[in-house]
Amino acid sequence: SIVTAVAGGTLALAAVSPAGAGVGTDSSALREAVTTDGILDHLQAFQEIADQNGDTRASGTDGYGASVDYVAGRLSGAGYDVTIQDFGFDLFREEDEAAFARVTPNPVTYVTDGDFATMEFSGSGDVTGTLVPTNDIVLPPASAANTSTSGCEAADFVPASPTETQVALIQRGSCDFAVKALNAEAAGYDAVVIFNEGQAGRTDTVFGTLGDARPAIPVLGASFAVGDELYSLTQAGAVTVRVYTSTSITPTQTSNVIADTPGGRADRTVVVGAHLDSVLEGPGINDNGSGSAAILEIAEAMSELDIEPTNRVRFAFWGAEESGLVGSDHYVSTLSDDELGTIKANLNFDMVGSPNYVRFVYDGDGSDTALAGPPGSAQIESVFTNYF
């Protein structure tokens with residue numbers, strides 16, 4: 001689970017506080033009421049929704065609409081004040097299966113999702129051309145991640161030929177995928193391949209998003225092994241590749257589900273959130289049906305136990321998270337400064353059920369990452385880590 005705070009304040013986090021954690025709230029009855037079977041019932045409901053709607057619950061699809069109806073209905077039935085918050089976003093689709101191949105030397109056809117994947121918000125095209133690496137690829141990679149600056153500056157690219165079709169080869173690293181892709185497009189390249197950086201944990205196929213960049217050319221993510229081999233081949237002679245994508249971007253309506261406890265101090269609200277949408281390619285039962293099912297089960301258990309929280313609890317089920325955190329960003333953008341000031345903590349639950357689980361808690365105090373959370377984040381991190 002990822003845990004963050006959006007504002008300071010000392011809070012009684014009853015849903016996660018064990019006896020002896022120093023918070024002073026006995027949450028044992030609620031913790032016992034939240035059962036694996038109850039969570040699995042919700043997950044089964046999400047799976048059935050996906051089964052009836054093309055195996056997906058992605059925002060903008062009927063499967064997501066049915067997921068919204070299910071969650072809102074359960075929360076209304078439990079006595080929560082439920083709001084359906086509509087908003088627009090750009091729905092990205094792959095209209096045809098992408099293709100990536102080495103044409104010369106020694107032809108190889110790469111495997112979708114194993115060797116490469118289409119970057120979200122990639123443009124479309126069928127490009128066969130010479131592969132040209134940026135001038136600052138680092139192989140073997142540095143020991144630390146996010147070290148390579150490949151493609152982050154315009155000067156990293158040899159200007160593309162005005163007459164020859166060319167594909168840019170870029171290493172993942174210290175700047176956004178969108179920056180790399182737009183720099184390549186501006187330099188005149190006809191397609192882009194961004195391969196993983198190569199350190200431990202950064203070798204698999206890159207599944208990335210270009211956000212609002214919207215390049216017109218095809219952009220693929222690739223594994224480190226593919227990129228390493230292709231780069232080595234370019235050092236020995238000309239390499240020709242084929243890149244094919246067929247994509248669409250459609251303005252679409254979707255929604256968040258917001259549910260408030262009837263009681264609790266409205267000037268001290270705890271937001272408990274999880275994204276409700278899946279990716280287009282699947283039902284999203286782990287990512288993030290598990291988080292949604294868990295907080296839905298907590299909400300229903302609180303109602304059944306007639307828990308009256310000291311502070312208002314707001315359960316939030318975000319839409320279009322898989323398209324770039326659109327739903328949660330929209331929600332925050334609608335709040336006035338005064339309304340933002342009433343929110344004392346934000347707890348986000350993402351992928352909390354898995355057979356090969358780990359207990360991850362957001363680094364609120366910044367002790368292990370470069371960026372600490374806002375004031376209060378360290379205290380929330382402490383509650384969770386002390387519990388586990």
Side-chain angles (χ1 to χ4, degrees), residues 42 45-77 80-96 118-124 178 207-216 245-260 271-285 287-293 295-296 299 314-336 339-340 343 346 348-350:
H42 296 312
F46 291 145
Q47 182 64 64
E48 291 172 358
I49 287 170
D51 291 344
Q52 295 164 11
N53 291 280
D55 196 39
T56 189
R57 298 186 306 103
S59 275
T61 69
D62 290 342
Y64 184 75
S67 298
V68 167
D69 291 344
Y70 174 78
V71 169
R74 298 292 298 229
L75 291 166
S76 294
Y80 287 86
D81 298 326
V82 177
T83 300
I84 306 298
Q85 184 183 50
D86 296 326
F87 62 92
F89 78 109
D90 288 336
L91 177 64
F92 173 81
R93 290 181 182 270
E94 289 196 72
E95 302 297 342
D96 192 14
T118 306
M119 286 269 184
E120 187 179 33
F121 296 116
S122 163
S124 296
F207 292 86
T209 181
L210 302 172
D212 295 328
R214 307 295 196 270
T245 59
S246 177
T247 66
S248 65
I249 300 173
T250 307
T252 305
Q253 288 293 306
T254 192
S255 54
N256 297 320
V257 181
I258 311 296
D260 287 349
V271 177
V272 180
H275 76 86
L276 182 58
D277 62 318
S278 73
V279 294
L280 277 166
E281 295 77 11
I285 299 305
D287 185 9
N288 182 38
S290 60
S292 295
I295 69 170
L296 181 56
R314 174 169 295 157
F315 290 96
F317 298 79
W318 309 120
E321 191 272 352
E322 296 289 1
S323 296
L325 311 180
V326 182
S328 54
D329 282 349
H330 173 78
Y331 165 74
V332 172
S333 73
T334 65
L335 300 178
S336 67
E339 288 170 327
L340 281 169
I343 297 175
N346 178 68
N348 183 57
F349 296 91
D350 199 33

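- To the nearest 0.5 Å, the span separating CH2 on W318 from CG on D350 amounts to 13.0 Å.
- Counting heavy-atom neighbours within 6.0 Å of D212 CG, excluding the residue itself, gives a total of 12 or less.
- A distance of 15.5 Å separates CG of L325 from OH of Y331, quoted to the nearest 0.5 Å.
- Closest non-hydrogen pair, E339 versus T334, comes out as OE1-O, 3.9 Å.
- What you find for A320 and T254 is that their closest heavy atoms are CB-CG2, 4.2 Å.
- Taking all atoms of both residues into account, the shortest heavy-atom contact from G63 to I49 is O-CG2, 3.3 Å.
- Expressed to the nearest 0.5 Å, how far OG1 of T245 lies from CD of E94 amounts to 7.5 Å.
- Side-chain contact between S255 and Y64 is present, with heavy atoms from C-beta onward closer than 4.5 Å.
- From D86, atom CG reaches atom NE2 of H330 across 8.0 Å, with rounding to the nearest 0.5 Å.
- Formation of a donor-acceptor pair under 3.5 Å by the N53 side chain with backbone atoms of T61 is not found in this model.
- Considering OG of S278 and CD of E322, their distance stands at 7.5 Å, rounded to 0.5 Å.
- Inter-residue side-chain proximity for V279 and F207 is flagged as unmet; no heavy-atom pair is nearer than 4.5 Å.
- Partners of S76 under the side chain to side chain donor-acceptor pair (under 3.5 Å) rule, at least two apart in sequence or in another chain, do not exist in this structure.
- At least one donor-acceptor pair closer than 3.5 Å links the side chain of T252 to the backbone N or O of T250.
- Between the side chains of T209 and E120, at least one donor N or O lies within less than 3.5 Å of an accepting N or O.
- In this structure, T118 and S122 approach most closely via the heavy-atom pair CG2-CB, 3.8 Å.
- Across all their heavy atoms, F46 and S292 have their closest contact at CE1-CB, 4.1 Å.
- The ring-ring contact (aromatic ring centres under 6.0 Å, His included) search around F92 returns F121, not counting sequence neighbours.
- The shortest non-hydrogen separation linking P215 to L210 is CG-CD1, 3.6 Å.
- Scanning for ring-ring contact (aromatic ring centres under 6.0 Å, His included) contacts around F89 gives an empty result, with sequence neighbours left out.
- Taking the salt bridge (charged side-chain N to carboxylate O under 4.0 Å, His left out) definition, one finds that D260 meets it with R312, R314, sequence neighbours left out.
- Contacts classified as salt bridge (Lys or Arg N to Asp or Glu O under 4.0 Å) and involving residues 56-76 (residues at least two apart or in different chains) are given here: R74-E300.
- Residues forming a side chain to side chain donor-acceptor pair (under 3.5 Å) with T247 (at least two apart in sequence, or on another chain): S124.
- Between H42 and Y70, the ring planes are perpendicular. Angles over 60° get that label, and only those under 30° would be called parallel.
- No side-chain heavy atom of F315 sits under 4.5 Å from any side-chain heavy atom of V71.
- Side-chain contact between R93 and L280: present, with at least one pair of heavy atoms (C-beta onward) separated by less than 4.5 Å.
- Residues L335 and I343 are in side-chain contact: their nearest non-hydrogen atoms beyond the backbone lie under 4.5 Å apart.
- Counting heavy atoms from C-beta on, the side chains of N288 and L276 never come closer than 4.5 Å.
- Taking the side chain as every heavy atom from C-beta outward, P251 and D90 approach each other to under 4.5 Å.
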